[in-house]
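Since we're looking at a predicted model, the values are computed, not measured.
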Amino acid sequence: QVQLVESGGGLVQVGGSLRLSCAASGTVGDIVNMAWYRQAPGEQREFVAMFTSTNVIRYADSVKGRFTISRDNAKNTMFLQMNMLNPAATAVYYCTATFRSWGQGTQVTVSF
């Protein structure tokens, strides 16, 4: 079983930046891929960015050029650097490991 804990969310103004973290624990050796998703109020959860099983990085078109996914394998932690934020980025951000384990989410709110 893999446990995931997200952190780093908060309130930021349009054009600002935030860095989210996702700390993994438990049977981390079982992790095949890791990803970030987000869910805005009244919307379905949507894909943001991921490391595939072959360590290829993929981004949703809506975040390309503004968001950067990275990780520190020694600390079992994944990051999401979010720049040039706009109100459309307001959502709860979740990380997932192998699409089986999910964190509790961290709220990101972008205001004018």
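- Taken together through direct or relayed side-chain contacts under 4.5 Å among Ile, Leu, Val, Met, Phe, Trp and Tyr, Val14 and Met82 form part of one hydrophobic cluster.
- Placement of Ile31 and Leu20 within a single hydrophobic cluster is found when ILVMFWY residues are connected by side-chain heavy-atom separations under 4.5 Å, directly or transitively.
- The minimum heavy-atom distance linking Ser17 with Gln81 is given by the pair CB-NE2, 3.9 Å.
- Looking at Lys75 and Ser21, their side chains never come closer than 4.5 Å, going by heavy atoms from C-beta outward.
- Across Thr106 and Gly8, no two heavy atoms sit closer than the pair OG1-N, 4.1 Å.
- Cluster membership check: Ile69 shares its hydrophobic cluster with Val108, using side-chain heavy-atom separations under 4.5 Å among Ile, Leu, Val, Met, Phe, Trp and Tyr.
- When all heavy atoms of Tyr93 and Arg38 are compared, the pair lying nearest together is OH-NH1, 3.0 Å.
- Linking ILVMFWY residues whenever their side-chain heavy atoms come closer than 4.5 Å, directly or via other members, leaves Val92 and Val63 in distinct clusters.
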message = Phe79 vs Thr68, test: side chain to side chain contact (heavy atoms under 4.5 Å, CB included). Steps then yes/no.
response = CA-CA 8 Å; Phe79 304 98; Thr68 302; over 6 Å; no
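- Hydrophobic clustering, with ILVMFWY side chains joined whenever heavy atoms are under 4.5 angstrom apart, keeps Trp102 apart from Val48.
- Separation of the Trp36 and Phe67 ring centroids does not fall under the 6.0 Å cut-off.
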Given Met50 and Phe99, is the side chain to side chain contact (heavy atoms under 4.5 Å, CB included) satisfied, shown in steps?
CA-CA 11 Å; Met50 75 176 297; Phe99 303 113; 3.8 Å; yes
